[in-house]
Each structure stands twice: as C-alpha cells, then as structure tokens.
Amino acid sequence: DIVMTQSPDSLAVSLGERATINCKSSQSVLYSSNNKNYLAWYQQKPGQPPKLLIYWASTRESGVPDRFSGSGSGTDFTLTISSLQAEDVALYYCQQYYSTPITFGPGTKVDIK
Amino acid sequence: EVQLLESGGGLIQPGGSLRLSCAGSGFTFSSYAMSWVRQAPGKGLEWVSVISGNGGNTNYADSVKGRFTFSRDNSKNTLSLQMNSLRAEDTAVYYCAKGAGGSSYFSLDYWGQGTLVTVSS
C-alpha cells in the first residue's frame, strides 16, 4: 500500500499570507507512460464533505480560486494557498489514486493566526 | 448539476448488517467509477471501495474485504454497499463519491453529504 504523509499537522497563517502544505508518498505516484502524477488535494470544512481542489498534482478543479496551486512530482508534493482568506480555514487532505487501495494523507488543519 | 444522495445509515449492533444506497443524478452515471469513503468521528478520510463504471471491477480496503460488497445498478443510477459482520470500528460517516473517470485511477470530483453508521450495542 502507498502510505501518504503530510506536514505540518496544523498551521496558522495571517490573513493574506501564504500557506504551504506538504505531502509525501511512500512510493512514486508518477505514471511514466503518460507523465501524470496520480495525486489530488481536497478541502474539508466542518460538517461538510470533502471538496476536490487539485488533481493530477497541479490541475485546479473548475471553480477553485487561483490562490490555490499544487506542485511536485514523484513522491513529494505541495499545496500552496498564496493569500489566505478567512473562508480557507479547513482541513486539507492529499490522496493518491495511482493504485488501490486508494490512500489519503492524515490531513493538515489550516487556521488564521 | 451533479448530485449524490446517500441513505441507509443508522444504529446497528455489532455483528449486524446494513445496506447503504447512493442515488446519482446530473451526469452519465454508467460512465464513471464510484467510490465509498468513510470518516470516523473526529478522524481522517479512509477509502472503502471503488466500482468501475460498468460494474465489472471492484476493489476493497483490506479492513472491509470479505464483509462489504459494492454494487451498482446503472439502469437506476444507484449504488449499494452491503455491509455485513459490522464492527465498532466501522462507525463512521460514509460518503459516496464520483470518480472523474471510468476506473479507480481518477480523483473524486463530487461527494455526497454522507450517511452516519453507528455500530454499538
């Protein structure tokens, strides 16, 4: 199974400042035949289901603000919120869909400082 | 508009069975893989199972393999998760989620609101 880890567990950032979340997979999720990283990022607010933000590691889902960006390849990935807004307070999860069992990271809680 | 509506959750005793359903609308149901993902109270996300668009392929997490069965009826745009031999550790909100493609090798682009399953005596 591919184990997903995230760092930090939580972070507090001032409004308008940058927030960076890291995700690491225990093995590469880059499929060489199509050069795609099978990595997604989700946002979950209290009492709500998760919402897809980023797929293929760096493609923003339709309707997601452009302050959210994803980067990385292979085993190391980053979700960046370029200018934190109050509505971005949430838990963020990375997920690999390279192989089953599909696995999620443990989550990173983002708060306002 | 894509909509996913889960039902069937509730309180069940350990060892019991429960059947969850998920109704999908607003998309060509048979073209997309579907997954169940669960979240225990105060915990993270745990993938449970995936079924391909045509229903011919299923995969399960080791934690539920042999106890849960995932099926779909593309004529009715519905999913079913038959859960047997339930344990306390199966207590969670169960979400059905739509894959962005026809197999398991896609992200999950739409999620239902979830249904709570509580396994307790």
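Chain A is the first sequence line, chain B the second, and so forth, proteins listed ahead of strands; every chain is numbered from 1.
Following chains of ILVMFWY side-chain contacts shorter than 4.5 Å, one cannot reach Val37(B) starting from Met83(B), and the two form parts of different hydrophobic clusters. A continuous path of ILVMFWY side-chain contacts below 4.5 Å connects Leu52(A) to Phe104(A), so both sit in one hydrophobic cluster. A continuous path of Ile, Leu, Val, Met, Phe, Trp and Tyr side chains, each step under 4.5 Å between heavy atoms, connects Leu15(A) with Val89(A), placing both in one hydrophobic cluster. Side-chain heavy atoms closer than 4.5 Å link hydrophobic residues (I, L, V, M, F, W, Y) into clusters, and following such links, possibly through other members, connects Ile51(B) to Phe27(B). One hydrophobic cluster, built from ILVMFWY side chains closer than 4.5 Å, holds both Ile81(A) and Ile112(A).
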Do chain A and chain B have donor-acceptor pairs under 3.5 Å, and which are they?
residue	atom	partner	partner atom	Å
Tyr42(A)	OH	Leu108(B)	N	2.9
Gln44(A)	OE1	Gln39(B)	NE2	2.9
Gln44(A)	NE2	Gln39(B)	OE1	2.8
Gln44(A)	NE2	Tyr95(B)	OH	3.4
Tyr93(A)	OH	Gln39(B)	NE2	3.4

